[in-house]
Amino acid sequence: MVMMSDSLIALLRDWHSVPVATVGADGMPNVAAKSITVRDPETVVWGELYRMQTHENLVQNPVASICVWEWAPPFTAYKVKGRVVIHRRDEVTASLDKSVWAGHTEEFAARIEDMTAVVLTVEEIYDQTPRLWGAGERIA
């Protein structure tokens, strides 16, 4: 396992949703915004409210990548990759609070009862900061 730095954790906690990339069985990429929670320096968790393309991809190929960046210069950015485990109707899913579905309309509130939790264990971290040196390098 790889530990995320304090600065990366702070950046992830500042965002409500981050882009999550997965790959389907057909090799086609998929990206969707997910409301994440940093559980600890090695783990990111999000709820799958809809269980559509991202969920299907993770069932078939349990790996994902997330990206996060600062909105103001110097635009520090990171890519985090890892394996995932999907949880349903257990203590991990129950520990997700309503913040994971903030911003969804009231009609989707009922989905929280059938939501799955995705636990990403961090395996690789890359520098994605836009500059001539270091961009794209694995940093952890």
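It should be emphasised that the depicted structure is a prediction, and the values quoted were computed from it without experimental measurement.
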So, for Ala117 and Val92, which heavy atoms are closest and what is the spacing to 0.1 Å?
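So the two residues come closest at CB-CG1, 3.9 Å.
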Search all heavy atoms of Val63 against all heavy atoms of Val84 and return the closest pair with its distance.
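Reported closest heavy-atom pair: N-CG2, 4.2 Å.
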Working to the nearest 0.5 angstrom, can you tell me the gap between [X] [atom1] and [Y] [atom2]?
X	Y	atom1	atom2	answer
Ser65	Leu120	OG	CG	8.5 Å
Arg51	Arg88	CZ	CZ	4.0 Å
Thr76	Trp71	OG1	CH2	14.0 Å

Stepwise side chain to side chain contact (heavy atoms under 4.5 Å, CB included) test for Val119 and Arg39:
CA-CA 9 Å; Val119 178; Arg39 187 163 74 180; 3.7 Å; yes
Would you check if the side chain of Trp15 reaches a backbone N or O of Trp69 as a donor-acceptor pair within less than 3.5 Å?
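Confirmed, Trp15 side chain pairs with Trp69 backbone.
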Walk me through it: do Val80 and Leu8 pass the test side chain to side chain contact (heavy atoms under 4.5 Å, CB included)?
CA-CA 10 Å; Val80 177; Leu8 173 53; 3.8 Å; yes
Report all side-chain donor-acceptor pairs from residues 19-33 shorter than 3.5 Å, counting only partners two or more places apart or in another chain.
| from | atom 1 | to | atom 2 | distance (Å) |
| --- | --- | --- | --- | --- |
| Thr22 | OG1 | Asn30 | ND2 | 3.4 |
| Thr22 | OG1 | Asn57 | ND2 | 2.9 |
| Asp26 | OD1 | Met28 | N | 3.0 |
| Asn30 | ND2 | Thr54 | OG1 | 2.9 |

After noting the C-alpha distance and the side-chain angles of Met4 and Val44, does the key distance pass the side chain to side chain contact (heavy atoms under 4.5 Å, CB included) rule?
CA-CA 10 Å; Met4 294 183 286; Val44 175; 3.9 Å; yes
For residues Ile9 and Met3: do they belong to one hydrophobic cluster (side chain heavy atoms under 4.5 Å, members Ile, Leu, Val, Met, Phe, Trp, Tyr)?
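No, because Ile9 and Met3 fall into different hydrophobic clusters, even though each may have its own neighbours under 4.5 Å.
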For Asp14, I'd like to know if atom CG has over 12 heavy atoms of other residues, nucleotides or ligands within 6.0 Å.
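For Asp14, atom CG is crowded (more than 12 foreign heavy atoms under 6.0 Å).
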Pairs involving residues 78-87, ordered by first then second residue, that meet side chain to side chain donor-acceptor pair (under 3.5 Å) (sequence neighbours left out)
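Listed by first then second residue: Ser7-Tyr78, His87-Asp90.
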Among residues at least two apart in sequence or on other chains, which ones pass side chain to side chain donor-acceptor pair (under 3.5 Å) with Asp40?
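Partners of Asp40 by the side chain to side chain donor-acceptor pair (under 3.5 Å) criterion, ordered by chain and then number, come out as Thr43.
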Name all residues meeting the side chain to side chain donor-acceptor pair (under 3.5 Å) criterion together with Glu124; count only those two or more places apart in sequence or in a different chain, and write none if there are none.
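By the side chain to side chain donor-acceptor pair (under 3.5 Å) rule, Glu124 matches Tyr126.
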Distance-only check: which donor-acceptor pairs under 3.5 Å involve side-chain atoms of residues 132-140, not counting sequence neighbours?
| from | atom 1 | to | atom 2 | distance (Å) |
| --- | --- | --- | --- | --- |
| Arg138 | NE | Ala140 | O | 2.9 |
| Arg138 | NH2 | Glu123 | O | 3.1 |

With Pro130, which residues qualify under side chain to side chain contact (heavy atoms under 4.5 Å, CB included), at least two apart?
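Once residues adjacent in sequence are excluded, the partners of Pro130 under the side chain to side chain contact (heavy atoms under 4.5 Å, CB included) criterion are Phe75.
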